[in-house]
Structure formats: structure tokens, C-alpha cells
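Read through the structure below, which is laid out as C-alpha cells, and then see the notes.
Keep in mind it's a predicted model, so treat the numbers as computed, not measured.
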Amino acid sequence: MLARKIFYLLFFIFSFNSAFPQANTEPDVKLPFATRTYTTQSVAGKETIKIDGVIDEETWEAVDWTSDFVEFEPDNNTPPSYQTKMKIVYDEKYLYVAFRCYEPNPEKIVRRMGRRDDFPGDWVELNIDSYNDDRTAFSFTISASGVKGDEFVSNNGNFDPSWNPIWYTKTNIDSEGWTAEVKIPLSQLRFSAEEEQVWGIQSTRRYFNNEERSTWQPVPANPAGWVSSFGVLKGLKGIEPQKQLEIQPYSVGRVSSYEAEAGNPFRTGSDGEFAAGLDAKIGVTNDLTVDLTINPDFGQVDADPGAVALDGFEIFFEERRPFFVENKSVFDFRFANGQDNLFFSRRIGRTPQGSAFGPNVAYVDQPVNTTILGAAKFSGKTENGWTLGLLESVTSREFAAVLNEDGSEDEILVEPLTNYVVGRVQKDMNDRNSYIGGMLTATHRNLEGNLNFLHAQAYSGGLDFKHSWKERTYYLEGNAVVSNVRGSEEAILNTQTSLVHLFQRADAGHVEVDPGRTSLTGTGGKLEFGKEGGGNWRYNVGGKWLSPELEINDIGYLRQADDIRQYVNVRRLFNKPTSFFRKAMVGMEQMTSFDFDGNHNRTHYELQGFINYKNNWWSEGGAAHKPRIFINTFLRGGPRWRFNEENYFFIFSGSDQRKKLSSRFGWVHSEATQNNFSLDRFQAGLRYQPLNSLSLSLDLSYETNPNKTQYVAERSFNNNARYILGAIDQETLSATLRLNYNINPNLTIQYYGQPYIFKADYSNLNYVVDATAADLDQRVAWYGEGQIAFEEGVYKIDENRDNIIDYTVSNPDFAFVQYRSNLVARWEYIPGSEIFFVWSQGITGLGDVNNDFSGIVDNQLLRQKPQNTFLIKATYRLIL
């Protein structure tokens with residue numbers, strides 16, 4: 001049965017492939033633009049160029065200006081409002097770039113400021129493909145106000161702002177417009193050892209007043225790839241690859257204050273610490289570098305947003321720690337769409353998985369995170385097309401301090417000494433139109449004490465490929481992964497019965513719990529064909545699978561195993577501006593999913609659209625129909641559950657984001673038949689920039705999500721499992737405030753604050769009768785008079801009405817309240833070296849679900865003493 005479904009899936013994919021034309025036959029397709037070339041000159045031995053924004057040194061006369069920028073957006077391949085000129089020269093250590101951006105009314109130049117990588121106001125950008133591989137590039141952006149932006153470009157168009165090289169720039173305003181001078185150390189770039197270099201380059205200018213982009217190398221609208229469309233830089237002779245050696249020691253002092261807890265020796269009201277560590281970047285070759293971190297500190301990293309998940313699944317949060325974020329694209333292996341990834345760096349330094357809480361324990365000092373003793377990352381790309389990455393990290397044993405009720409003290413091991421290893425390789429082929437790659441991961445734990453519920457070893461590996469043809473218009477890509485976890489019988493039993501797998505489901509004929517197993521092995525992957533360039537149509541069609549035993553959560557991220565999906569996406573782009581809009585898009589999606597038992601679980605159809613109006617306002621919207629919704633995990637190990645069919649729509653719109661005051665609003669609405677469940681989410685955002693140096697934003701969100709059949713608990717009745725549900729009135733309210741103030745481009749003050757409130761009010765408890773019945777009234781039965789009573793916070797249930805309580809359920813009502821804020825002053829006192837002043841506040845607790853939001857804010861936020869943390873961190877970046 002399963003083999004037949006996989007065969008049909010693959011047959012569908014390739015049949016759909018053949019149904020679309022393989023030739024570039026759209027009538028509006030233009031031939032590729034002619035490739036431009038710029039020839040630079042060495043200025044070694046000539047007058048030193050002073051980076052002050054004034055292009056007045058005689059040294060600049062060694063080369064001619066290059067101009068003739070062409071509009072990229074909104075009106076592709078037309079003359080821009082105002083032209084831009086560029087010069088490039090070099091010596092043995094630096095690449096120098098000069099820009100002149102014409103603007104006949106200099107007072108109209110928008111000189112807004114922002115923090116690094118914020119791209120405010122008017123700006124100009126240079127992209128350098130120094131590998132000349134048509135896939136990767138280094139991007140340097142200069143705003144008219146002097147703010148720097150830098151990004152590493154991977155996979156022919158994925159921009160990663162975590163890359164922070166050392167480079168220098170200044171800007172200047174004059175009667176003709178504005179100018180910029182840039183000095184880039186060659187040590188910050190990667191290139192071959194050839195005597196004469198040929199690099200790819202592109203320059204983009206943003207003309208803010210018309211929200212216009214123009215490029216030096218003309219590019220068609222919605223190109224199949226960004227880096228592959230670059231022009232050519234020639235004339236680089238005799239430059240030598242330079243091995244990078246940077247050392248960045250740091251020191252940090254931290255003091256925390258909070259409300260003291262009487263009798264708790266671990267909550268005395270305040271504590272403090274001082275720490276030191278080291279980051280280093282060592283160039284093994286010009287192409288490959290080693291990043292090291294010893295005792296890293298992430299105190300200045302933004303807080304995670306508030307979130308509550310009633311479905312029991314882990315909430316996914318993005319990685320924010322600089323060591324893991326930088327160059328993260330090398331280690332990316334997303335194998336089944338979405339967030340499923342062989343490597344999820346937040347597993348390293350995770351919250352300890354053991355617990356010291358138990359009987360006769362009075363107070364516990366539980367570590368929040370696992371200490372990272374050290375980490376090393378070897379990564380880069382060679383001149384012959386090999387992308388290489390190797391990461392290793394060791395986290396320490398973590399203990400929770402315990403004070404028992406009898407006054408004795410103890411230490412309980414809550415996380416073992418663990419070693420993580422990730423290896424990644426990719427090879428460009430077929431004149432860089434194709435690649436093939438692989439990845440291996442390993443997690444080893446030194447298990448001891450009470451931690452045998454964890455895996456002792458966990459391994460995963462995968463192969464991936466992508467082939468593009470017809471000027472990268474069409475592509476075929478795919479991957480396959482395998483995992484193996486090993487451990488005690490307890491550990492593997494926990495994995496089999498976890499929410500990711502649920503082998504204990506009584507109605508699952510393809511899996512069963514085996515308490516004697518000590519390992520699990522699973523597979524996954526996807527295959528996809530699509531069109532990503534040329535003309536106005538884009539589409540892709542594919543399928544993926546995740547076998548029941550696939551398990552990668554020791555070092556990767558997998559939400560749910562046991563899934564087979566087919567999907568189709570089609571989009572029509574409208575790139576030519578009209579009197580009504582600048583650009584627009586409409587699209588369609590279709591998806592069907594099965595499990596490995598052959599059950600048809602879900603069908604989904606969706607329409608989407610986007611329009612950017614002529615006045616730069618915008619709107620987007622969509623609607624979907626889900627005629628079939630079955631969920632294997634809803635009853636947490638019980639039978640497969642059916643929801644009523646669902647319809648939903650969403651609409652969002654916003655004003656011109658360039659204005660000093662801009663806004664955006666949105667509404668998402670969903671409802672199921674028989675009023676099984678519904679959703680209304682309202683979002684609003686305001687952004688205000690009263691000064692070039694000051695910006696504020698406020699985002700508000702309110703959501704209500706009532707459901708007649710929300711899972712509550714499992715109980716036993718007449719030796720059978722009884723799955724208890726309830727009607728829930730669920731509400732969520734959050735507000736996010738951000739403030740950015742730039743004293744100058746290198747000294748910024750940033751504030752982030754978010755109160756978050758979640759209420760879950762349950763009523764009308766019911767129980768499952770037939771989990772897959774189409775009619776809601778046949779799917780569940782509601783407790784009637786004489787069956788249920790609520791006393792002292794407990795539901796007492798006499799299901800058979802024999803005046804004997806059959807089972808009880810604690811009151812599931814709750815309200816979660818959280819407030820988090822960060823105030824950060826960041827001073828880059830010399831390029832690459834920084835001082836951070838950080839003030840963090842936090843409140844987390846439970847509120848009264850019977851209060852309205854104003855009452856919860858008053859009682860649980862305004863009247864509570866927050867925890868305050870003050871931190872000073874200083875780094876010094878030494879280049880040797």
C-alpha cells in the first residue's frame with residue numbers, strides 16, 4: 001500500500017513536470033542582458049586615499065567612472081530618475097570604491113539613521129563575487145547618513161546580515177548629490193591565488209523618494225538568481241590571498257535584582273558575576289577560516305517573543321547568538337520544507353533536560369541554560385567550488401542545587417557532558433548550474449546518574465542536490481536524510497511514545513511500541529521540480545516523506561515524523577508598472593498529506609495575492625479551503641482525530657513605509673463547520689521616525705481562538721482510555737515596542753519591550769466517542785446532568801451515574817503573563833570592537849483567567865517586581 005502511494009506520488013511529480021513547457025516560450029520573456037565589464041587599476045605606491053567621503057585625491061584619476069545604471073524596480077530596464085557613478089581601485093591590502101549619487105536637490109536626500117544592517121534612507125550597495133562562482137558574494141551597503149550594512153550572500157540570493165567584517169566608509173553631501181568612499185581590507189574577502197583575478201560585481205542604488213532601485217549591471221525583473229546575474233570586474237593583478245587572524249577577548253560584569261523569596265536561599269533578592277572569554281577567527285587558508293569561542297556570553301542578544309502552544313509541540317525560536325548565526329548558511333540542511341533541519345544550533349546550550357524537583361524537595365536552583373565550554377567552526381569555500389563546514393562544541397555537566405525539606409543540601413545532575421559535531425560539504429558542478437552535497441551530525445553524551453532517559457548517541461546524515469538549466473530558469477532539487485539514535489530501553493521508549501512519533505496509537509497498524517529496543521533508524525527527504533526564472537510565471541511541484549522512526553531532535557529540528565506530502569505552487573507575477581500599481585502577484589497552492597499507514601490526513605487549497613500600489617501603499621490577501629483535516633497527534637497517543645472542514649481568509653494592508661509615520665493592519669479569520677472552532681487575529685503596527693536619528697515602532701496583536709474540542713486530559717474508564725476534551729475560550733494579547741536612537745553611526749541606543757498575555761478559559765467538558773466521525777455530535781459526547789460536578793478546582797466525573805466518582809480532572813483554566821524588555825547601548829569605539837551596556841527586565845507568571853486583560857496587566861505586570869539584570873560587556877577585536 002505504502003509503496004504504491006510513493007509510486008503514484010513520484011508519477012504525479014514527473015507527469016506535472018512534463019505538463020509544463022520546458023522551453024522559455026512566454027511571449028514577454030526577454031533575452032538575458034549583456035554582461036558589463038569594469039577594469040580596475042592598482043594604485044600601489046600612489047597617494048593614500050583618505051576615507052572622508054570627498055573624492056578629491058589624484059589617486060582616483062587612475063581609473064574612469066562607470067555609470068549607466070538601469071532601473072531594476074519598479075519599472076525594469078528603463079532609465080532611473082538620477083544616475084549613479086562608481087570607481088574601483090586597489091593596492092596590495094585594500095579595495096577602494098567611490099560612488100557619486102546624483103540628486104539635483106540635495107536637501108531632498110534622505111539621511112535617516114539606523115543601527116548596522118538597517119538600510120535606512122538613501123543608500124548605495126556593492127556586491128562582490130570574489131569566488132566568481134555565481135552563487136556567493138560579499139555585500140557592502142552605505143547609507144547617505146553613513147550607516148553601514150554588510151551581508152554574506154549564499155545560494156545565489158540568500159542575504160545573511162550576521163556577517164560583520166571590518167571595513168571603512170564615509171559619506172558627504174554636495175551640490176550635485178551625495179558621495180561615498182569605501183575601503184575594504186582584502187583580508188575580509190575570499191578569492192583564489194591566481195595572478196590575475198576575475199570577480200563578479202553588482203552595484204545597487206536606492207533612490208528613496210521614488211522608492212526606486214537601479215543597478216549597474218541590468219537585471220531582469222524577478223531573476224532566477226541574484227549573484228549569477230552580476231557583471232564582471234577585471235584588472236586585479238598580483239593581489240595575494242591573505243590569511244585572516246583576529247582575536248576578540250571580552251569581559252562582562254552582570255548584576256541581577258529581583259523580589260526575594262522568604263526561606264529560599266537561592267532567591268535572596270540579588271546576585272552578580274564576572275566572566276571573561278575569547279572569540280577568535282583564524283585563516284587556515286584565504287578560503288577557509290576557523291572560528292573559536294571560549295566561554296561565550298550572549299547577554300546582549302534579544303529576548304525571544306512570548307508564545308504558548310496548546311498542541312504540546314515545541315515552539316520554534318530563531319537562533320540569535322552571534323557565533324552560531326554568522327555563516328549559518330554553510331550548515332543549513334532543510335530537508336522537508338518549513339523548519340525541519342538536520343542542524344538546529346539552539347540545541348547547543350539548551351535548557352537542561354533533567355529536573356531536580358521531586359518529593360521532599362523544598363527549593364531548587366535550576367540552571368536556565370547549559371554552559372558552552374567552547375566551540376569551533378571551520379568553514380569556507382574553495383576556489384574550485386567546494387563549500388566546507390565543520391562545527392564542534394562541548395557543553396558542560398550542569399547541576400541543580402537543592403535544599404530539601406529536612407534542611408539538607410544536595411546537587412542533582414540535570415544535563416550531562418555533551419559533544420556536538422556537524423560536518424557539511426557541497427560541490428559546485430556543471431559550470432556552477434548544479435551542486436551536490438552532504439551533511440553528517442553526531443551527538444555524544446556522557447550519561448550518568450539519573451539521565452538515562454536521554455539518548456547516549458544520536459547520528460544523522462543527508463545528501464542533497466540541485467540542477468538548474470536554461471539560464472537557471474528551471475530546476476530539479478532533492479535530498480534524502482537518515483537518522484539513528486541509541487540509548488537505554490528507557491530512552492528509546494520515551495522516543496517511541498513522544499509527541500513526534502506516538503507509536504502507542506491503537507489505530508496505527510504500521511507502528512507499535514517495543515519496550516526492548518535500544519535504537520531507532522529513520523529516513524526522510526524531498527524531490528521538487530520548478531521554474532524560478534524567465535517570464536512572469538513561477539511554479540514548483542514536489543513531494544516529501546518523513547518516516548515514523550526519523551529522529552533528529554538531539555541536534556536538529558523535527559516537528560513531526562510519519563508524514564508523506566505532495567504539493568503544487570503556481571504564481572503569476574505582474575512586474576510592469578501601470579497607472580494603478582507598481583507590481584503585483586497572484587498565486588495558488590495545493591497540498592495533500594498521508595501517513596505511512598496510508599491514511600489520507602489532509603487536503604489544502606489556497607489562493608494568495610499581493611499588490612504594491614502606485615503610491616507605495618500595499619495590500620495582500622488570500623483564502624483557503626481545507627476539506628479534510630485529520631491529526632494523528634491531537635489526542636497525544638490516542639486514535640487519529642478528525643476536525644471539521646475549515647475555511648479561512650486573511651487580508652493585510654499598509655501605508656507607504658518610507659513616510660515618517662506609517663501603519664499596517666491585518667485580519668485573519670478562520671472557521672470550521674458546526675462551529676467546531678474559529679479564529680480571529682487582528683494585527684496593527686505603527687512606525688514613526690520624527691528625526692533622522694530616532695525611530696519608534698509599535699506592533700499590536702489580539703487573537704481569539706474558541707474551540708469546542710480542545711484536548712484536556714486522558715483518564716481510564718472501565719479499563720479503557722477516556723480522552724477528555726473541553727470547549728475553550730482562548731485569547732492572546734501582545735504588544736511589541738521598539739526604539740532606535742542613533743547618536744552617530746557607531747553609537748546607538750536600542751529598546752525592545754513586549755508584554756504578552758494568554759488566557760485559556762475552559763467549559764463544557766466532553767469526551768471522545770468516535771474520533772474520526774464526520775459529524776461533531778457523533779465524534780464526542782457532552783457530560784450531562786449528574787455526570788460532572790466542579791468542586792474546589794476539580795472536575796469530578798461520574799460517567800455511568802452510579803454515584804461513584806469514576807475519574808477527576810483538575811481545572812485546566814490558566815492565564816500566562818510575560819513581560820520582557822532589553823535596553824542596549826552599543827558603541828563601536830573602533831571598527832570591530834564594541835562596548836555594550838544592557839538593562840534587561842522580565843516578569844513571568846500566572847494570572848487569573850477570570851480577570852479581563854486590564855486586570856491581569858494591573859495585578860500581574862504593574863504590581864509585580866520585575867527581575868532586573870544590568871550588564872556591561874567590552875570586546876576588543878585585534879587583527880594580526
Side-chain angles (χ1 to χ4, degrees), residues 38 40 43 47-57 59-60 63 65-66 69 84-91 93-103 106 109-128 130 137-153 159 161-174 176-189 199 201-208 215-216 233 246 692-693 742-748 826-834 877 879:
Y38 182 77
T40 182
V43 294
E47 177 189 4
T48 301
I49 295 175
K50 181 181 179 181
I51 303 301
D52 57 6
V54 181
I55 309 167
D56 57 358
E57 290 87 358
T59 304
W60 285 116
V63 294
W65 289 103
T66 180
F69 279 55
T84 307
K85 297 196 302 187
M86 174 177 66
K87 283 187 176 186
I88 302 175
V89 295
Y90 68 97
D91 59 24
K93 289 187 176 181
Y94 298 100
L95 191 75
Y96 302 90
V97 188
F99 292 101
R100 171 160 288 285
C101 303
Y102 287 101
E103 165 58 81
I109 298 171
V110 179
R111 288 175 277 179
R112 292 182 183 174
M113 300 186 73
R115 59 182 182 178
R116 189 166 181 163
D117 297 331
D118 206 18
F119 309 109
D122 281 283
W123 52 255
V124 67
E125 179 181 273
L126 178 69
N127 294 171
I128 304 173
S130 53
F138 303 95
S139 178
F140 302 87
T141 305
I142 311 98
S143 76
S145 61
V147 175
K148 294 194 295 188
D150 31 52
E151 299 169 291
F152 178 72
V153 188
F159 284 76
S162 65
W163 181 60
N164 288 315
I166 293 177
W167 57 292
Y168 311 87
T169 186
K170 287 288 184 180
T171 60
N172 182 62
I173 308 293
D174 59 25
E176 295 184 284
W178 65 282
T179 57
E181 286 185 306
V182 179
K183 183 171 76 170
I184 303 170
L186 294 176
S187 63
Q188 304 298 297
L189 303 176
W199 294 355
I201 60 165
Q202 176 65 290
S203 180
T204 305
R205 178 186 174 184
R206 179 198 193 188
Y207 179 54
F208 185 88
T215 59
W216 174 75
L233 176 65
E246 299 177 10
N692 283 333
S693 58
N742 290 71
I743 298 172
N744 60 54
N746 299 316
L747 180 56
T748 61
R826 172 188 171 273
W827 177 30
E828 188 174 5
Y829 58 96
I830 59 175
S833 301
E834 300 167 313
R877 193 167 177 179
I879 301 178

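Residue Lys170 qualifies as open at atom NZ: its count of foreign heavy atoms under 6.0 Å is 12 or below.
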Walk me through it: do Arg826 and Glu828 pass the test salt bridge (Lys or Arg N to Asp or Glu O under 4.0 Å)? CA-CA 7 Å; Arg826 172 188 171 273; Glu828 188 174 5; 3.2 Å; yes
Kindly indicate, with the supporting measurements, whether the criterion salt bridge (Lys or Arg N to Asp or Glu O under 4.0 Å) is fulfilled by Arg877 and Glu246. CA-CA 7 Å; Arg877 193 167 177 179; Glu246 299 177 10; 2.6 Å; yes
Step by step, would you call Thr179 with Arg100 a side chain to side chain contact (heavy atoms under 4.5 Å, CB included)? CA-CA 5 Å; Thr179 57; Arg100 171 160 288 285; 3.2 Å; yes
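Taking the salt bridge (charged side-chain N to carboxylate O under 4.0 Å, His left out) definition, one finds that Asp56 meets it with nothing, sequence neighbours left out. Remark: Ser130 engages no residue in a side chain to side chain donor-acceptor pair (under 3.5 Å) (not counting sequence neighbours). Residues satisfying the salt bridge (charged side-chain N to carboxylate O under 4.0 Å, His left out) test with Asp118, not counting sequence neighbours, are none.
Between the side chains of Thr84 and Arg205, at least one donor N or O lies within less than 3.5 Å of an accepting N or O. Between the side chains of Lys87 and Tyr96, no donor N or O sits under 3.5 Å from an acceptor N or O. Side-chain N/O atoms of Asn742 and Ser693 include no donor and acceptor closer than 3.5 Å. Between Trp178 and Asp122, the side chains place no donor N or O within less than 3.5 Å of an acceptor N or O (distance only, hydrogens not considered).
Smallest separation of non-hydrogen atoms from Val153 and Phe159: CG2-CE2, 3.4 Å.
Trp199 places a side-chain heavy atom less than 4.5 Å from the side chain of Leu189.
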